> 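Could you have a look at this structure, given as structure tokens, before my questions?
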Amino acid sequence: MNPYTGRVSCLRASWLSGKTRTKEYRVSQLEALGRFLDEKKNVILDALAADLHKPAFEAELSEIALCSNEVNYAINNLYGWMKDEYVDKNLATQLDSAFIRKDPFGVVLIIGPWNYPLHLVLVPMVGAIAAGNCVIVKPSEISSCTEKLLAELLPTYLDQDCYAVVTGGPQETSQLLENKFDYIFFTGSPGVGKIIMEAAAKHVTPLTLELGGKNPCYVDNSCDLQNVANRLVWGRCFNAGQTCTAPDYVLCTIETQEKLIPPLRQAIMEFYGPKPKESPDFGRIINDKHFKRIRALLDSGRIALGGQTDECECYIAPTVLADVKPCEPVMQEEIFGPILPIVTIANVEEAINFINSRERPLALYAFSCNCKVVNQVLDSTSSGGFVGNDTMMQMTLITLPFGGIGYSGLGKYHGKFSFDTFSHHRACLLRSMGLEKLNYLRYPPYAHRSLGL
Ligand code: NAD
């Protein structure tokens, strides 16, 4: 007997009762989610500090504020999003009503990773609640303090007939996935994403995959390199580099590489002081396994800045690797740590070819004072998102869709895109019983009838 079947069935019964469909109900649950974020802020910050040594400012910004923003945006816009969308009609349907109904899918499963363990289950959950679904969330078992907090506290705010938290790792998730869901939303690694896709295929369940990969960052010769360095170091070292949209590596000419290293040193010094290990603003690697994986990547290229590690604390210093070859280990996998390799190229065309010869990334960044160069990179490449002259700021705009392409994922969310992701766009045509004579044109016998095309 599958241990989760009972829970999924209870949620399905609630969904079938129609309880989650009214606007008032959805708003009441979104408001409850907002209260959870507000009232439990301090315990959330404590859990994130225990899991990831997450600096309080980073946690407030990236986990709590972005979630609250989504909650408020959904509450304020829900009425408009839910409205039937009337569409243009043809001659034969002039007397009819033709519209798109945004129907909830039913029972939705949301599976999250450990790097933003609150944000990456609650932001999709906002969209799923707003769209009128019942939801099971499965946070990552690796960020165990946040997992425990969500399992204990979320049910005290939300209607337990419609929303549940399931804990556990791969084994529990596999058992959970044996059940039929109406939509699956997964955030995590591409390898596990394939497993989720296979499980979804068994029930022909639609899904979103928010995956990872290597995000390139092209830096042109023309830039103010201190500004570039500030924005690069912030993006690379936020959450100790464990961000899916972090700039993963830099592509620039050898001259720019040499000019960029001193400003990178200055940015690291300004942000984290001479001893980043003692800075309250610099996080830690999630666990020993990831620490060892990332430490092994320090052998690529030459260490231009940083390179210090401390296994007891899972600490890896902000590090810049210069003269990295494309074939070296650091360029084979997503780094997910505070290491920034620089690969030198001859010009922007070579950078574009380099980017296009690899899997399509979740994010792509290009720095140049010349907007033609930024646009050249934008026009000649493909990626989930793109930012000119900064890193990671696309995440802060609720009006932009967030998602990957190709190996970096499937589907999109944030703001209204989340509502649409968790809604089935149902094609509705309510016909008039009049004008029957017109209908005779389509009824057999068809003899001597032609469309004249
Ligand atoms: P992961 O794929 O190892 O785990 C994600 C979730 O899947 C967890 O809840 C885990 O319990 C579950 N899981 C793991 N193995 C499983 C299995 N065999 N069967 C069923 N479920 C399984 O990812 P992670 O290490 O938690 O997170 C890091 C990855 O997530 C990185 O690749 C990163 O780029 C990606 N990520 C992507 C985004 C995005 O928005 N695109 C955001 C954050 C992280």
Side-chain angles (χ1 to χ4, degrees), residues 4 51-52 54 62-63 66-67 70 109-124 127 136-144 146-147 150-151 165-179 181 184-200 202 207-215 235-236 238-248 285-291 293-294 332-337 359-364 383-385 392 394-395 400-414 417-418 421:
Y4 302 108
D51 282 332
L52 284 139
K54 214 175 257 230
S62 63
E63 304 262 16
L66 290 182
C67 287
E70 289 278 347
L109 173 62
I110 295 171
I111 303 172
W114 51 260
N115 62 331
Y116 292 90
L118 188 93
H119 172 136
L120 292 170
V121 291
L122 293 193
V123 170
I136 290 187
V137 294
K138 209 301 290 176
S140 172
E141 75 289 5
I142 292 175
S143 38
S144 55
T146 313
E147 179 199 40
L150 285 168
V165 181
V166 165
T167 58
Q171 195 193 337
E172 290 80 1
T173 315
S174 305
Q175 287 179 315
L176 191 57
L177 284 164
E178 285 166 15
N179 295 280
F181 289 92
I184 298 175
F185 189 102
F186 171 80
T187 307
S189 58
V192 178
K194 287 184 200 167
I195 296 173
I196 305 295
M197 207 169 184
E198 266 186 56
K202 284 200 188 108
L207 83 169
T208 294
L209 297 175
E210 295 286 342
L211 310 176
K214 290 183 85 62
N215 304 316
R236 179 70 282 188
F238 197 93
N239 200 26
Q242 300 162 114
T243 306
C244 55
T245 48
D248 189 89
I285 303 305
I286 180 77
N287 59 22
D288 199 47
K289 180 180 145 212
H290 281 280
F291 170 83
R293 177 187 63 76
I294 299 166
Q332 308 314 308
E333 59 175 273
E334 179 182 22
I335 298 169
F336 231 52
E359 294 293 355
R360 287 186 277 180
L362 183 61
L364 172 53
S383 61
M392 302 216 305
Q394 72 275 34
M395 310 271 297
L400 282 176
F402 181 81
I405 179 168
Y407 213 62
S408 58
L410 180 76
K412 53 191 176 302
Y413 73 128
H414 286 189
F417 300 99
S418 299
T421 283

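Whatever order the structure lists ligands and atoms in, that order sets their numbers, starting from 1. Because the structure is a prediction, the values reported are computed rather than measured.
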> Can you tell me how far CG of N215 sits from CD1 of I335, rounded to the nearest 0.5 angstrom?
10.0 Å
> If you measure every N/O of K138 against every N/O of ligand 1, is any gap under 3.5 Å?
yes
> State whether the shortest distance between N or O atoms of L211 and N or O atoms of ligand 1 falls below 3.5 angstrom.
yes
> Between atom CD1 of I196 and atom CG of L209, what is the distance when rounded to the nearest 0.5 Å?
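Rounded to the nearest 0.5 Å, the CD1-CG separation comes out at 8.0 Å.
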> Would you say L177 has any N or O atom under 3.5 Å from an N or O of ligand 1, going by distance alone?
no
> For V137, which of L120, T167, V165 qualifies under side chain to side chain contact (heavy atoms under 4.5 Å, CB included)?
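Only one option passes, and that is V165.
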> Students should be able to answer this: which protein heavy-atom is nearest to atom 40 (O) of ligand 1, and at what distance?
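The answer is F402 CE2, 3.2 Å.
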> For ligand 1, is there an N or O atom under 3.5 Å from any N or O atom of Y413?
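There is no such contact.
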> For the 3.5 Å polar cut-off, considering only N or O atoms, please tell me whether E334 and ligand 1 meet it.
yes
> If I apply the N/O under 3.5 Å rule, does W114 come out as touching ligand 1?
yes
> Consider every N or O of T187 and every N or O of ligand 1, then say whether any pair is closer than 3.5 Å.
no
> Does the protein come close to atom 34 (O) of ligand 1 - that is, does one of its heavy atoms sit below 4.0 Å from that atom?
yes
> Is there a polar contact between ligand 1 and P190, counting only N or O atoms under 3.5 Å apart?
no
> Taking the six-membered ring of F186, is NZ or CZ of K138 closer than 6.0 Å to its centre and within 45° of its axis?
no
